[in-house]
S.K.: 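Mind looking over this structure? Questions follow.
When a residue number appears, it is its place in the shown sequence, counting from 1.
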Amino acid sequence: MADSDSVSLVPIRAAELTLGQPVPWSIYNDSGELLLARGNLVESQNQLDGLVQQGLFRNEKWSARPPAAAGTPTRPSEPVKAARVSDAPAPKPAAASSTQETVVGMDEVRWQIGEVLSLQLQESPGVRYGVSLIGHIKNKSVLVTAPMQDGKYIFVREGQSFVVRVFSGRRAYAFTAAALKYQHSPHAYLHLSYPREVRCAVIRQGARAKINLVASVSLDDAHSAAATLTDLSMGGASGVMTQTLAKKGVRGRLKFKVHVAGEDKYLNLEMILRSVERNPADNANGNGQEEIRHGFEFVDVSVTDRLILSAFVHQKLAELD
């Protein structure tokens, strides 16, 4: 699919598909790759499970169901029970970054252990904490690490209400939950109430988080300099420097520290310098020096670094809404 189509992807609920019946839309994964063309049958539970595992999405431009064939029974769309998640705002990770949101069952999400969640106090919307997913007990509770601030565990009272945001792959989720139990032993962790449904939106590919981080940029020829990173995505970063570092196409490494889920992590990423442009004179820094913007593309990112990068980018996007 073209990029203009990929931003129109809308999640499909597994309950909207019936075994042995033709699918009413073409089904894509979250990268826009076609999994099953409209009109084909979902022939087995294994096939349906495989589609769910890869991600079920349709193009919102083709949201209407096709006319039913003669003799083919139709099934009305299930009403969205928004009341169960009405207190949770629609996920809006960044301006123009998400598409139409929908409501999905908690059983349909595919969050991984270690996924970073953002807890926002409902009574104090400006207060947020980054925690990590430990697991969940179906219809009982969601288990997360205990929230921390300045290296210390914070007090959470039972019944305290949070808006919980999760970024997984290219999907953003939001739901409300109450603190059920704060466990101190053997390690501090928190039981949150289990949501039956959560709000979900697809993030535009390449969505960038606004940041302000100092980084070290080093090139293959051992030339290095400091930069201030101003935005970051899974694919690259943009930053300003007081000198032109090199010509486009030169490879090097970008080193910087991020704070995610209560811990400091260090990233040392291989990159290619993709753009160099001078900022307008009125964007000079406080010392009157001209700023030169550099664009970096990440290459050959390790699995560990990708997890850290993903967690940080999604955490920063969650802080914007």
Side-chain angles (χ1 to χ4, degrees), residues 93-94 97 112-118 128-133 145 148-151 167-170 203-279 283-320:
S97 289
Q112 302 297 315
I113 301 301
E115 206 95 63
V116 173
L117 286 68
S118 172
R128 301 172 188 252
Y129 306 102
V131 298
S132 296
L133 179 67
T145 56
M148 302 180 69
Q149 187 174 47
D150 298 328
F167 289 82
S168 182
R170 287 178 55 203
I203 306 170
R204 175 177 56 83
Q205 189 166 3
R208 290 179 172 267
K210 298 298 183 182
I211 59 173
N212 183 20
L213 293 176
V214 175
S216 172
V217 184
S218 58
L219 303 179
D220 289 345
D221 61 4
H223 182 206
S224 62
T228 300
L229 301 183
T230 57
D231 60 66
L232 182 69
S233 73
M234 292 298 297
S238 177
V240 293
M241 308 173 70
T242 58
Q243 59 180 306
T244 300
L245 188 62
K247 294 182 179 180
K248 291 185 292 184
V250 173
R251 298 177 77 97
R253 303 198 72 85
L254 191 63
K255 305 174 186 178
F256 55 100
K257 180 179 72 173
V258 298
H259 187 77
V260 60
E263 297 183 9
D264 287 333
K265 300 290 185 180
Y266 294 87
L267 291 169
N268 184 349
L269 305 176
E270 185 174 358
M271 59 78 178
I272 300 175
L273 182 60
R274 290 302 189 190
S275 64
V276 178
E277 59 184 37
R278 296 180 180 276
N279 275 357
N283 284 344
N285 62 27
N287 296 323
Q289 296 174 304
E290 183 182 35
E291 292 184 337
I292 302 171
R293 183 165 296 279
H294 292 68
F296 310 100
E297 177 189 1
F298 300 143
V299 294
D300 300 329
V301 181
S302 70
V303 174
T304 299
D305 285 344
R306 180 168 291 277
L307 288 173
I308 296 172
L309 183 62
S310 175
F312 180 70
V313 169
H314 292 157
Q315 176 179 290
K316 299 306 290 185
L317 289 174
E319 292 172 358
L320 295 178

S.K.: How far apart are the closest heavy atoms of A226 and M241, and which atoms are they?
M.R.: O-CE, 3.5 Å

S.K.: Report yes if some heavy atom in the side chain of L269 is under 4.5 Å from a heavy atom in the side chain of F296; otherwise report no.
M.R.: no

S.K.: Please round to the nearest 0.5 Å and tell me the distance separating atom CD1 of I272 and atom CG of L254.
M.R.: 13.0 Å

S.K.: Can you tell me how far CD of Q112 sits from OG of S132, rounded to the nearest 0.5 angstrom?
M.R.: 13.5 Å

S.K.: So how far is it from T230 OG1 to N212 CG, rounded to the nearest 0.5 Å?
M.R.: 8.5 Å

S.K.: Rounded to the nearest 0.5 Å, what's the gap from CE on M271 to NZ on K255? Could you check?
M.R.: 10.5 Å

S.K.: Below 4.5 Å, heavy atoms only, C-beta onward: do H294 and V217 meet side chain to side chain?
M.R.: no

S.K.: For the atom pair CZ (R274) and NZ (K248), what is the distance rounded to the nearest 0.5 Å?
M.R.: 10.0 Å

S.K.: Name all residues meeting the side-chain hydrogen bond (donor to acceptor under 3.5 Å, both in side chains) criterion together with S302; count only those two or more places apart in sequence or in a different chain, and write none if there are none.
M.R.: D305

S.K.: To the nearest 0.5 Å, how far apart are CZ in R251 and CG in L219?
M.R.: 12.0 Å

S.K.: Quick one: does R293's side chain have a donor or acceptor within less than 3.5 Å of a partner on E277's backbone?
M.R.: no

S.K.: What heavy-atom pair brings M148 and Y129 nearest, and what distance separates the two atoms?
M.R.: O-CD2, 3.8 Å

S.K.: Which heavy-atom pair separates L213 from F256 by the least distance, and what is that distance?
M.R.: CD1-CD1, 4.1 Å

S.K.: Got L267 and F298 here, is their nearest side-chain heavy-atom distance under 4.5 Å?
M.R.: no

S.K.: If we only count heavy atoms from C-beta on, is the M234 to L309 side-chain gap below 4.5 Å?
M.R.: yes

